[in-house]
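Here is the structure we will look at, set down as structure tokens.
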Amino acid sequence: MNEEIIIDYSRQGNVNRAFAIIAVLFSVAGIMINYLNLLAFNNLVVFVGMPVVLFFVSLGMGGGSKKAIDYNPGKWEKKKTWVSFTDYENMVDQYEDAYGELYSNPGDYLSCCCSLIFILVFGFLILMSQSMSIVLLDPVIDQILFIVLEYSIVAVAGFVIGFRIPSIDAQEFFTRPLKGDVYSFASELAGVPGIRAGMNVELGVRSGVQTIIDAEVKAYVQNLPETVQIQVQVSHSGFAYPYLVGTAYKGGRVSPHEDSFRIATRYPARLEYSMDKDVMVIVARFDIPERTSSVPHISMGDFRELAALLAGELQDNYNPE
């Protein structure tokens with residue numbers, strides 16, 4: 001078995017061929033309507049109305065092409081491995097090269113709106129050139145070229161955007177690799193003395209094809225058991241506000257309280273100590289004033305200093321029961 005059997009593209013080929021035929025038919029219809037002058041406001045219909053309709057048809061055909069990619073279910077041999085952030089990013093690069101086209105890209109809805117505006121502007125520019133009697137080669141040939149060029153651009157743009165928006169129905173086969181603010185800040189922990197950080201990656205292997213099934217950040221305090229961990233959280237309230245949660249299962253007890261620390265960072269650090277049954281919890285965050293003259297910003301260097309402070313506190317307070 002190979003990738004072509006795990007991912008079946010046969011139905012997609014039929015959709016793509018149907019799209020090509022539809023795009024050609026639109027161009028032929030546009031040329032015929034233009035020269036037979038069949039409709040009122042003929043030029044407006046040919047150079048604005050029909051391209052808009054073609055764009056939405058192509059959008060649907062692009063989405064249909066993505067959904068026509070079939071995943072054949074099967075049993076994956078799963079294995080977990082610990083990798084550095086650098087190795088993980090290399091894995092993600094290879095993974096995206098192989099399967100990036102199968103992702104969903106909801107952000108392309110904005111591209112859809114921008115493309116629609118471009119189509120309207122492009123159509124009206126052609127109408128203006130005609131009203132000004134601008135001739136490039138020949139009046140007849142020019143109009144054919146304009147129609148073919150405009151319809152081709154519209155069809156391709158609509159199809160590509162429509163293809164990118166959905167994902168294939170194969171969540172078992174692939175998931176979008178972990179990235180974003182949490183990953184960006186978590187990867188900085190690898191450079192903090194006293195912390196061992198990396199990625200726990202679950203790989204799936206099937207007939208020579210490998211995929212990333214799941215991945216999560218893991219950070220431990222050096223010289224302490226793996227029951228002592230550090231997690232990265234990021235809240236968004238106008239800016240990215242990272243904080244750290246250190247936990248130690250059966251690692252001793254602390255009385256609930258808060259401490260402030262003035263370290264070599266822009267903002268003072270605040271540590272909150274508490275117990276959750278048998279788990280000691282220390283939350284480390286920056287004490288940012290409620291009112292500031294500018295939008296607060298926490299640099300990666302300050303974040304590493306905060307992580308080092310938390311790692312030291314976990315070591316100092318760790319006292320296994």
Side-chain angles (χ1 to χ4, degrees), residues 78-85 88 171 175-204 212-263 265 267-290 296 298 300 302-321:
K78 298 179 180 179
K79 60 179 182 180
K80 289 190 175 182
T81 182
W82 168 277
V83 298
S84 68
F85 291 106
Y88 174 72
Q171 294 305 314
T175 56
R176 183 176 290 278
L178 176 65
K179 284 197 174 179
D181 286 340
V182 172
Y183 175 81
S184 296
F185 282 104
S187 63
E188 293 296 317
L189 297 180
V192 177
I195 293 179
R196 179 172 64 92
M199 298 292 298
N200 250 357
V201 180
E202 184 177 23
L203 299 173
I212 299 175
I213 293 177
D214 193 20
E216 61 177 337
V217 176
K218 286 292 184 180
Y220 306 102
V221 179
Q222 290 179 355
N223 302 320
L224 292 182
E226 293 188 352
T227 52
V228 181
Q229 298 186 17
I230 295 175
Q231 295 180 334
V232 177
Q233 303 288 335
V234 181
S235 65
H236 293 85
S237 54
F239 70 102
Y241 177 45
Y243 60 95
L244 297 157
V245 180
T247 58
Y249 176 67
K250 292 187 176 180
R253 307 192 69 83
V254 293
S255 59
H257 68 284
E258 296 183 8
D259 276 343
S260 291
F261 296 83
R262 193 61 197 174
I263 55 178
T265 56
Y267 304 105
R270 186 171 81 243
L271 269 56
E272 304 165 1
Y273 303 76
S274 62
M275 294 296 302
D276 183 6
K277 296 182 179 179
D278 292 331
V279 180
M280 177 177 65
V281 180
I282 305 177
V283 179
R285 64 178 82 242
F286 286 109
D287 196 359
I288 299 176
E290 293 184 4
I298 297 173
M300 292 299 185
D302 285 358
F303 179 73
R304 290 192 294 269
E305 292 290 341
L306 182 68
L309 174 65
L310 175 60
E313 286 298 301
L314 286 168
Q315 288 180 329
D316 291 344
N317 288 275
Y318 181 74
N319 184 20
E321 298 176 357

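Excluded from the calculations below are hydrogen atoms, water molecules and symmetry mates; all remaining heavy atoms, backbone and side chain alike, are included.
- Electrostatic pairing of Glu226 and Arg196 counts as a salt bridge here, judged by a charged N lying under 4.0 Å from a carboxylate O.
- Considering Arg253, Glu313, Glu258 as possible partners of Tyr273, the one that fulfils the side-chain hydrogen bond (donor to acceptor under 3.5 Å, both in side chains) test is Glu313.
- Inter-residue side-chain proximity for Ile230 and Ile195 is flagged as met; some heavy-atom pair is nearer than 4.5 Å.
- The shortest side-chain heavy-atom distance between Asn200 and Lys80 does not fall under the 4.5 Å cut-off.
- Within the 4.5 Å cutoff, the side chain of Thr227 has no heavy atoms near those of the Lys250 side chain.
- Two residues are said to be in side-chain contact when any heavy atoms from C-beta on lie closer than 4.5 Å; Tyr249 and Pro225 fail this criterion.
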- request: Begin with the C-alpha distance, continue with both residues' side-chain angles, and end with the deciding distance and a verdict on side chain to side chain contact (heavy atoms under 4.5 Å, CB included) for Leu203 and Ile212.
  value: CA-CA 5 Å; Leu203 299 173; Ile212 299 175; 4.1 Å; yes
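- Taking the side chain as every heavy atom from C-beta outward, Leu189 and Phe303 approach each other to under 4.5 Å.
- In this structure, Glu272 contributes its side chain and Val281 its backbone to no donor-acceptor pair below 3.5 Å.
- Residue Met280 comes nearest to Val254 through the heavy atom pair SD-CG1, 3.4 Å, listed as atom of the first residue, atom of the second, then distance.
- For Tyr241 and Phe286, the gap between ring centers reaches or exceeds 6.0 Å.
- A pairwise comparison of heavy atoms in Ala248 and Tyr318 identifies CB-CD1, 4.4 Å as the closest pair.
- The shortest side-chain heavy-atom distance between Met199 and Val217 falls under the 4.5 Å cut-off.
- A heavy-atom distance below 4.5 Å is found between the side chains of Leu244 and Val232.
- Counting only heavy atoms from C-beta outward, the side chains of Thr247 and Val228 never approach each other to under 4.5 Å.
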